[in-house]
S.K.: 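Questions regarding the structure given below will be posed in turn.
Here the structure is a predicted model, which means the values were calculated and not measured.
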Amino acid sequence: VLCVSLTAFFASKLEHESKHCNGKGFQRPGSSAFDRVYTANQNCGHAYPTFLAVLWCAGLLCSQAPAAFAGLMYLFVRQKYFVGYLGERTQSTPGYLFGKRIILFLFLMSVAGILNYYLIFFFGSDFEMHIKTITSAISPLLLIP
């Protein structure tokens, strides 16, 4: 629900900027404000499938609470990236880097869950509680910029 509402917000900003600029259609040469909004919207849209895949895998294979926390943080960071992109391009860099770190965290959670599954399958060793403890302890560190 939050992901859809954030995407709707991005689309409304794009529509507002499109109406604000003169001309018809999406190709408006010379409108740097429209170009920035359009590019930010495209960048955010292209990142969501990867985000949803690693969020789903991390929550399913590892631990739901840290994955949900990281997902909420990612949505907040994407908002920061989008708003930063509307200013100068250098303002979007912190949001971009922060988002990459969150995606990496979710990816590592997914890999840890897969490795735990294979350890159970081949050796009978279950490290699920250890992995959940570690991910729960590390997830607040995502707040550090």
S.K.: Less than 6.0 angstrom from the centroid, inside 45 degrees of the normal: does Arg78 satisfy that with respect to the ring of Tyr81?
M.R.: yes

S.K.: Do Ile138 and Leu61 sit in the same hydrophobic cluster, where Ile, Leu, Val, Met, Phe, Trp and Tyr count as joined when their side-chain heavy atoms come under 4.5 Å apart?
M.R.: no

S.K.: Give me the ring orientation class for Tyr118 and Phe121: parallel if the planes are under 30° apart, tilted from 30 to 60°, perpendicular past 60°.
M.R.: perpendicular

S.K.: Answer with yes or no whether the hydrophobic clustering places Phe98 together with Val54; edges join I, L, V, M, F, W, Y residues whose side-chain heavy atoms lie under 4.5 Å apart.
M.R.: yes

S.K.: Looking only at non-hydrogen atoms, find the nearest pair between Ala67 and Met109 and report the distance.
M.R.: N-CE, 3.8 Å

S.K.: Would you check if the side chain of Ser136 reaches a backbone N or O of Thr133 as a donor-acceptor pair within less than 3.5 Å?
M.R.: no

S.K.: Should Ile114 and Ile120 be counted in the same cluster of Ile, Leu, Val, Met, Phe, Trp and Tyr side chains packed under 4.5 Å apart?
M.R.: no

S.K.: Is it true that a side-chain atom of Ser110 and a backbone atom of Ala58 form a donor plus acceptor pair closer than 3.5 Å?
M.R.: yes

S.K.: Can you tell if the side chain of Cys62 reaches within under 4.5 Å of the side chain of Ile131, non-hydrogen atoms only?
M.R.: yes

S.K.: A side-chain contact here means heavy atoms from C-beta on lying under 4.5 Å apart; do Trp56 and Leu52 qualify?
M.R.: no

S.K.: Mind checking whether Leu115 and Tyr117 sit in one hydrophobic cluster, side chains of I, L, V, M, F, W, Y counted as touching below 4.5 Å?
M.R.: no

S.K.: Which heavy atom of Tyr48 sits nearest a heavy atom of Leu75, and at what distance?
M.R.: CE2-CD2, 3.9 Å

S.K.: Which heavy atom in Ile103 sits nearest to a heavy atom in Phe51, and how many Å separate them?
M.R.: CD1-CA, 3.8 Å

S.K.: Which heavy atom of Leu142 sits nearest to which heavy atom of Met73, and what is that distance?
M.R.: O-CE, 4.4 Å

S.K.: Specify the closest pair of heavy atoms between Ile102 and Ala70, including all atoms of both residues, with the distance to one decimal.
M.R.: CG2-O, 3.4 Å

S.K.: For Phe105 and Pro66, which heavy atoms make the closest approach, and how far apart are they?
M.R.: CE2-O, 4.2 Å

S.K.: Given side chains that start at C-beta, do those of Asp126 and Leu119 come closer than 4.5 Å, heavy atoms only?
M.R.: no

